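What follows is a set of notes on a single structure, which appears directly below.
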Amino acid sequence: MHQYGDRRAVDGINLQIEAGEIFGLLGPNGGGKTTLFRILSTMLHPTSGRVRILGLDPKTESAAIRGRIGVVFQNPSLDAKLTVLENLNHQGHLHGLRGKNLKARIDDLLSKMGLESRMHDRAEVLSGGLLRRVDLIRGLLHRPDLLIFDEPSTGLDPGVRRAYWADLEDLREKEGTTLILTTHFIEEAERCDRVGILDQGRLVVEGRPSDLRQAVGMDVIVIEAEGVGALRDDIFDKAGVSAIVLDGTLRIECTDGHRLMGELYAMFRDQITAITLGRPTLEDVFVRETGHRLQAIPEVA
């Protein structure tokens with residue numbers, strides 16, 4: 001547990017992450033992800049509770065932990081006026097790397113990330129995607145057992161995001177590195193081996209994305225309309241179907257979505273402005289577990 005004054009940012013989380021897996025912490029801004037990230041990266045000690053990172057206690061063995069983990073922050077932490085190579089050399093020196101060993105490691109990682117031709121460019125001229133790759137190299141120079149990311153895809157366009165994820169998956173497959181990341185992107189969480197959903201500082205559910213989706217198990221119909229409260233009542237009265245109002249839309253979980261969607265549209269077409277049908281996603285898991293959408297933070301009474 002960790003508190004900021006009277007507010008519990010992390011509350012009673014019980015979590016074990018296996019070696020060699022990609023584990024995602026999914027939740028909205030303000031849900032506790034960044035606080036947990038800071039605890040896992042030894043920048044913050046929990047107010048209470050027990051934490052072990054690679055079997056070590058961060059309260060008494062933080063230096064040993066930092067030598068075995070890599071950290072990639074939400075915003076690139078490179079010196080903008082230095083070249084890529086200069087940034088990497090300085091990072092290597094912080095970890096005690098020198099001479100031929102450091103050069104060989106930098107050359108190898110630049111080659112893997114396709115950045116050999118940019119090593120003499122200053123960081124300030126690189127695109128967001130290239131900055132992310134250089135930041136990833138910085139985190140990998142000392143061959144960490146564990147790599148921790150805070151919102152790795154923030155600010156990246158979809159194409160760059162896919163390429164970046166290919167880098168991460170290749171890293172896990174070839175070097176066996178354990179990856180922990182925080183995210184509020186559903187598609188990013190879907191690519192993890194396991195995901196923990198955080199909300200208001202609590203771990204509401206965790207497991208393999210496919211298992212979590214299967215637990216919802218139903219088709220999901222979303223209806224847009226003016227006066228969704230009245231339409232919800234009409235649907236229940238005339239069709240015997242229960243719907244919930246969520247962020248100005250109606251949401252219905254059902255077992256035969258195509259049939260029901262057609263029936264509802266035929267009965268209420270004058271009231272419906274849009275209707276969609278989909279299979280459950282991690283967004284639907286989040287809604288079922290919390291009662292609100294991933295991007296919506298409920299107001300405190």
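Note that this is a predicted model, so its numbers are computed, not measured.
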Worksheet item: More than 12 heavy atoms of other residues, nucleotides or ligands under 6.0 Å from NE2 of His258: is that the case?
Response: no

Fill in: Shortest non-hydrogen separation from Leu250 to Val228 and the atoms involved
CD2-O, 3.6 Å

Response to the item:
On a heavy-atom basis, the closest approach of Asp135 and Ser77 is OD2-N, 3.4 Å

Item to complete: Find out if a path of hydrophobic residues (ILVMFWY) with successive side-chain heavy-atom gaps under 4.5 Å connects Leu85 to Leu115.
Response: yes

Worksheet item: Looking at side-chain heavy atoms only, is the closest gap between Trp165 and Ile22 below 4.5 Å?
Response: yes

Item to complete: Say whether Ile235 and Leu260 are linked into one hydrophobic cluster, either directly or through other cluster members, by side-chain heavy-atom distances under 4.5 angstrom.
Response: yes

Practice prompt. In sequence, state the C-alpha distance, the side-chain angles, and the governing distance for Ile186 and Leu26, and then conclude on side-chain contact (heavy atoms from CB on, under 4.5 Å).
Written response: CA-CA 8 Å; Ile186 293 295; Leu26 174 68; 4.0 Å; yes

Worksheet, complete the sentence: Correct closest heavy-atom pair for Thr177 and Pro144 would be CG2-O, 3.8 Å

Discussion item. For Asp170, is there an ion pair with Lys112 - N to carboxylate O distance below 4.0 angstrom?
Written reply: no

Worksheet item: Does CZ belonging to Arg122 count more than 12 external heavy atoms closer than 6.0 Å?
Response: no

Discussion item. I want to check something: taking the side chain as every heavy atom from C-beta on, are Val285 and Pro280 in contact at a cut-off of under 4.5 Å?
Written reply: no

Worksheet item: Taking atom CE of Met1 and atom CZ of Arg202, what is their separation to the nearest 0.5 Å?
Response: 11.0 Å

Fill in: Ionic contact status for Glu151 with Lys33, cut-off 4.0 Å
yes

Fill in: In one Ile/Leu/Val/Met/Phe/Trp/Tyr side-chain cluster, 4.5 Å: Val216, Leu212
yes

Discussion item. Atom CG of residue position Asn14 - does it have more than 12 heavy atoms of other residues, nucleotides or ligands inside 6.0 Å?
Written reply: no

Practice prompt. Starting at CG of Asp57, measure out to CD1 of Ile65 and round the result to the nearest 0.5 Å.
Written response: 7.0 Å

Practice prompt. Give the cluster check for Leu88 versus Leu109: same hydrophobic cluster or not, with ILVMFWY residues linked at side-chain heavy-atom distances below 4.5 Å.
Written response: yes

Worksheet entry | Ser62 side-chain N/O to Thr42 backbone N/O, donor-acceptor pair under 3.5 Å | no

Item to complete: Count the heavy atoms of every other residue, nucleotide or ligand shown that sit under 6.0 Å from CD of Glu21, and state whether that count exceeds 12.
Response: yes

Fill in: Donor-acceptor contact below 3.5 Å, side chain Arg98 vs main chain His93
yes

Worksheet item: What distance separates Met43 CE from Thr34 OG1, expressed to the nearest 0.5 Å?
Response: 9.0 Å

Discussion item. Rounded to the nearest 0.5 Å, what separates atom OG1 in Thr83 from atom CG in Leu126?
Written reply: 10.0 Å

Worksheet item: Got Leu171 and Leu147 here, is their nearest side-chain heavy-atom distance under 4.5 Å?
Response: yes

Worksheet item: Do Phe236 and Ser242 have side chains that get closer than 4.5 Å, going by heavy atoms?
Response: yes

Discussion item. To the nearest 0.5 Å, what is the distance between CD1 on Ile39 and NE2 on His2?
Written reply: 6.0 Å

Fill in: Ile53 side, atom CD1; Asp145 side, atom CG - distance, nearest 0.5 Å
12.5 Å

Discussion item. Do Leu198 and Leu294 land in one hydrophobic cluster if side-chain heavy atoms of ILVMFWY residues count as linked below 4.5 Å?
Written reply: no

Worksheet entry | Minimum side-chain heavy-atom gap Phe23-Thr178 below 4.5 Å | no

Worksheet item: Can you name the nearest heavy-atom pair linking Pro209 to Asp193, along with the distance?
Response: CD-O, 3.5 Å

Practice prompt. Quick one: sort the His95 and His142 rings into parallel, tilted or perpendicular, breaks at 30° and 60°.
Written response: parallel

Worksheet entry | CZ (Arg208) with more than 12 external heavy atoms under 6.0 Å | no

Practice prompt. Decide, yes or no, whether a salt bridge links Glu18 with Arg194 under the criterion of side-chain N to carboxylate O below 4.0 Å.
Written response: no

Fill in: Side-chain heavy-atom pair Cys192, Leu181 within 4.5 angstrom cut-off
yes

Worksheet item: Should we say atom CZ of Arg162 is surrounded by more than 12 heavy atoms from elsewhere, each under 6.0 Å from it?
Response: no

Response to the item:
Checking Ile244, Val220, Ile223, Ile275 against Ile252 for side chain to side chain contact (heavy atoms under 4.5 Å, CB included), the one that qualifies is Ile223

Worksheet entry | Side-chain heavy-atom pair Leu102, Asn89 within 4.5 angstrom cut-off | yes

Worksheet item: Can you tell if the side chain of Ile106 reaches within under 4.5 Å of the side chain of Leu110, non-hydrogen atoms only?
Response: yes

Item to complete: Run the numbers on Asp284 and Arg251 for side-chain contact (heavy atoms from CB on, under 4.5 Å), then give the verdict.
Response: CA-CA 10 Å; Asp284 298 305; Arg251 184 177 183 275; 3.1 Å; yes

Worksheet entry | Lys/Arg-Asp/Glu bridge criterion (N-O < 4.0 Å) met for Arg161, Glu188 | no

Worksheet item: Hey, does the side chain of Arg68 reach the backbone of Leu146 with a donor-acceptor pair shorter than 3.5 angstrom?
Response: no

